[in-house]
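Data block below; observations after.
Worth knowing before you read on, the calculation uses all heavy atoms, side chains too, and leaves out hydrogens, waters and symmetry mates.
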2 protein chains.
Amino acid sequence: MGTTQLESVQEPKYWHLRTVLSEALDSDFAVGEILPNERDLAARFGVARATLRQALEQLELEGRLQRRRGVGTTVAPPRVGVAVSTAQHEWTGGVSGEAWQPVDCVSEVAPTAVAAMLRTGGEPVHVVRRIRVTHGQAVAAELLYVPASSVPDLSAIDAPSGPVRARSVMRELHRLGLEGQDRTVELGSARADDAKELDRLPGAPVLVVTTRYFASGGTAAVSVATYRADTCRLTFGDSGALEISHDEQQQERQAS
Amino acid sequence: MGTTQLESVQEPKYWHLRTVLSEALDSDFAVGEILPNERDLAARFGVARATLRQALEQLELEGRLQRRRGVGTTVAPPRVGVAVSTAQHEWTGGVSGEAWQPVDCVSEVAPTAVAAMLRTGGEPVHVVRRIRVTHGQAVAAELLYVPASSVPDLSAIDAPSGPVRARSVMRELHRLGLEGQDRTVELGSARADDAKELDRLPGAPVLVVTTRYFASGGTAAVSVATYRADTCRLTFGDSGALEISHDEQQQERQAS
DNA sequence: CAGTGGTCTAGACCACCGT
DNA sequence: CGGTGGTCTAGACCACTGC
């Protein structure tokens with residue numbers, strides 16, 4: 001009876017470890033600081049390395065840690081708030097500064113799900129690949145599917161593919177008057193090509209933002225953007241951005 | 001030279017397994033069907049159970065599988081599209097049908113991050129706990145932080161806590177004229193209490209939606225809602241919902 | 001009770017990075 | 001090259017579910 005409520009409930013070791021490490025991160029480590037390597041940490045806590053890794057994975061998922069093979073584990077900076085504009089008619093994803101960089105453009109048959117939204121059958125569409133860079137870091141990779149009918153004046157003389165072509169398509173797209181957008185967000189895992197551009201391993205958790213652009217009574221384009229889930233916080237603002245300082249975030253985590 | 005391009009690139013076993021299983025799910029299994037148990041599957045593919053589990057985890061993260069301890073692994077239904085209303089002045093999260101169910105209400109000091117948004121210091125606020133149910137399944141758990149100043153007419157006679165109190169707070173809240181909302185989405189892991197209500201294990205991946213409600217020139221309330229990332233697809237619609245059939249989704253996955 | 005997924009161990013080897 | 005995280009193995013035991 002007098003015992004001070006000793007962890008009666010069964011809590012997995014890795015979960016408890018996660019909590020302990022989380023608190024240690026708050027109090028004893030600065031952003032960017034390197035943690036001891038996994039083998040040392042595991043030994044220090046008296047667990048197998050796999051168990052320690054399970055805890056680290058949790059913390060990485062929560063955006064607290066950053067791990068790089070061959071380098072080490074560092075304390076991650078707070079998540080970047082990236083604006084996913086709402087009801088704003090922009091193709092660029094941002095009026096100034098941090099914008100999308102066209103990387104490539106090819107002509108391909110869209111995946112079935114996209115083709116269904118575009119109401120195109122098996123005809124190939126322009127597929128523009130773009131990268132979103134914030135604070136000098138790639139945070140998102142996008143595939144923008146544009147039916148030929150949406151950019152009728154596209155010069156056939158321009159390069160048939162590559163970044164030049166990508167810019168041409170975007171230029172033509174800007175001419176359309178946007179009537180609205182539809183957007184969904186879901187969790188996914190990075191495909192090999194996306195992972196490469198986001199500097200992550202295949203399968204890394206990403207937030208998949210699917211946007212449908214409406215113009216002249218139909219779906220003018222569909223975008224599938226994958227954001228790094230570990231470093232990004234998507235913001236949808238009717239009025240200004242939601243900003244939280246890092247300290248505040250940490251304290252919220254402790255409270256939970 | 002003459003060899004038919006035999007997997008020269010190093011692809012992890014679990015990643016390859018994920019692909020194989022994904023294709024098998026598309027062709028040989030129906031939604032709800034139970035897969036063979038992990039030990040059998042691992043043996044069948046000639047890998048250790050841990051490796052097989054790594055592949056299953058990926059597929060579960062992508063919403064393709066559902067695993068329940070003591071029961072088995074089943075093929076998951078397509079993700080549910082849940083509307084996260086944009087620029088709509090609702091506290092209920094839905095005009096008709098699938099709505100939020102008040103579960104409880106207590107008076108507590110808000111976590112620091114929330115307190116900062118509410119501009120309340122250490123004063124306790126009303127914390128309403130709500131569950132969002134869709135198709136008979138709990139898809140989200142929410143904590144709604146309401147400063148006393150936002151509901152001045154709240155009867156002091158009502159129960160000080162519990163579902164009755166929760167409904168009282170919501171009723172008073174409806175009286176306010178909403179001026180706007182701010183919203184962020186990020187990846188998180190379920191806390192123990194949320195996990196319980198969502199019928200998941202602690203640490204399960206969730207989409208954390210933080211909403212700031214503005215009224216009468218200030219922040220009237222802050223909501224932190226955690227959605228099951230495995231079963232939910234958040235929709236933000238300016239005009240109608242984005243609907244994709246299950247077949248189409250599967251084919252998109254195959255294409256990637 | 002038997003069978004399932006969840007946790008944990010103690011190793012091994014590999015891919016990658018910086019020096 | 002040495003050190004890091006990433007992958008993989010072959011076990012063991014536990015917690016939970018349903019019969």
Side-chain angles (χ1 to χ4, degrees), chain A residues 7-19 21 32-61 64-76 189-190 192 195-196 199-205 230, chain B residues 7-19 21 32-61 64-76 189-190 192 195-196 199-205 230:
Chain A
E7 288 299 357
S8 55
V9 287
Q10 267 290 32
E11 192 178 40
K13 269 189 189 177
Y14 79 90
W15 186 255
H16 182 245
L17 239 185
R18 184 210 78 110
T19 307
L21 286 170
E33 199 169 338
I34 359 180
L35 268 62
N37 72 58
E38 298 182 349
R39 291 164 180 84
D40 284 355
L41 274 180
R44 182 175 314 185
F45 287 104
V47 299
R49 190 177 155 221
T51 305
L52 185 271
R53 278 181 61 81
Q54 220 175 333
L56 294 185
E57 264 151 41
Q58 282 284 339
L59 292 168
E60 193 180 27
L61 202 78
R64 306 291 311 277
L65 292 179
Q66 207 163 332
R67 302 194 286 175
R68 273 181 305 169
R69 169 156 50 178
V71 179
T73 302
T74 59
V75 180
S189 48
K196 192 177 175 185
D199 191 28
R200 302 259 64 197
L201 293 171
D230 55 342
Chain B
E7 288 299 356
S8 56
V9 286
Q10 266 292 33
E11 192 178 41
K13 270 188 189 177
Y14 79 90
W15 186 256
H16 182 245
L17 239 186
R18 182 209 79 110
T19 307
L21 285 171
E33 200 169 339
I34 6 179
L35 267 62
N37 72 57
E38 297 184 347
R39 292 165 179 84
D40 284 355
L41 274 180
R44 181 175 314 185
F45 287 104
V47 298
R49 181 154 80 112
T51 306
L52 186 269
R53 278 180 60 81
Q54 219 173 333
L56 294 185
E57 264 151 40
Q58 282 284 339
L59 292 168
E60 193 179 27
L61 202 78
R64 306 291 310 277
L65 293 179
Q66 208 163 335
R67 302 194 285 175
R68 273 182 305 169
R69 170 157 50 179
V71 179
T73 302
T74 59
V75 180
S189 47
K196 192 178 175 186
D199 190 28
R200 302 259 64 199
L201 293 172
D230 55 343

R69(B) CZ to dT17(D) P, straight-line distance once rounded to whole Å: 8 Å
Where P205(A) and L61(A) come nearest, the two heavy atoms and their spacing: CG-CD1, 3.7 Å
Contact nearer the 5' end of DNA chain C, comparing G70(A) with T51(A): T51(A)
Closest approach of A55(A) to R18(A) (non-hydrogen atoms, all atoms of both residues): CB-N, 3.9 Å
Non-hydrogen atoms of D230(B) and E60(B) that approach each other most closely: CB-O, 3.8 Å
N37(A) CG - dG2(D) C1' separation (whole Å): 12 Å
Whole angstrom value for the distance that separates P of dT17(D) from CZ of R67(B): 16 Å
L65(A) CG - dG5(D) P separation (whole Å): 11 Å
Residue whose nearest DNA chain C nucleotide is more 5′ - R49(A) or W15(A): W15(A)
Qualifying side chain to side chain donor-acceptor pair (under 3.5 Å) pairs, either residue in residues 44-55 of chain A, two or more places apart: E38(A)-R49(A), E38(A)-R53(A)
Touch class at under 4.0 angstrom, heavy-atom based, for L56(B) against every strand present: nothing
Residues R67(A), E57(A); criterion side chain to side chain contact (heavy atoms under 4.5 Å, CB included); working and verdict: CA-CA 9 Å; R67(A) 302 194 286 175; E57(A) 264 151 41; 3.2 Å; yes
Heavy-atom side-chain contact between V75(A) and L35(A) under 4.5 Å: yes
Residue pair T73(A), N37(A): steps toward the side chain to side chain contact (heavy atoms under 4.5 Å, CB included) verdict: CA-CA 7 Å; T73(A) 302; N37(A) 72 58; over 6 Å; no
Sugar-phosphate only, base, or nothing, as touched by R68(A) at under 4.0 Å among non-hydrogen atoms: sugar-phosphate
Range-with-range stems for DNA chain C, at least three Watson-Crick or G-U pairs under 3.5 Å: C:1-18 with D:1-18
Leading and trailing nucleotides of DNA chain C with any atom under 4.0 Å from heavy atoms of chain B: dG3(C) to dA15(C)
L41(A) to P36(A) - nearest heavy-atom pair and separation: CD1-O, 3.6 Å
Polar side-chain contact R39(A)-dG3(D) base: donor and acceptor under 3.5 Å: no
Considering all heavy atoms, the nearest A190(B)-W15(A) contact: O-CH2, 3.5 Å
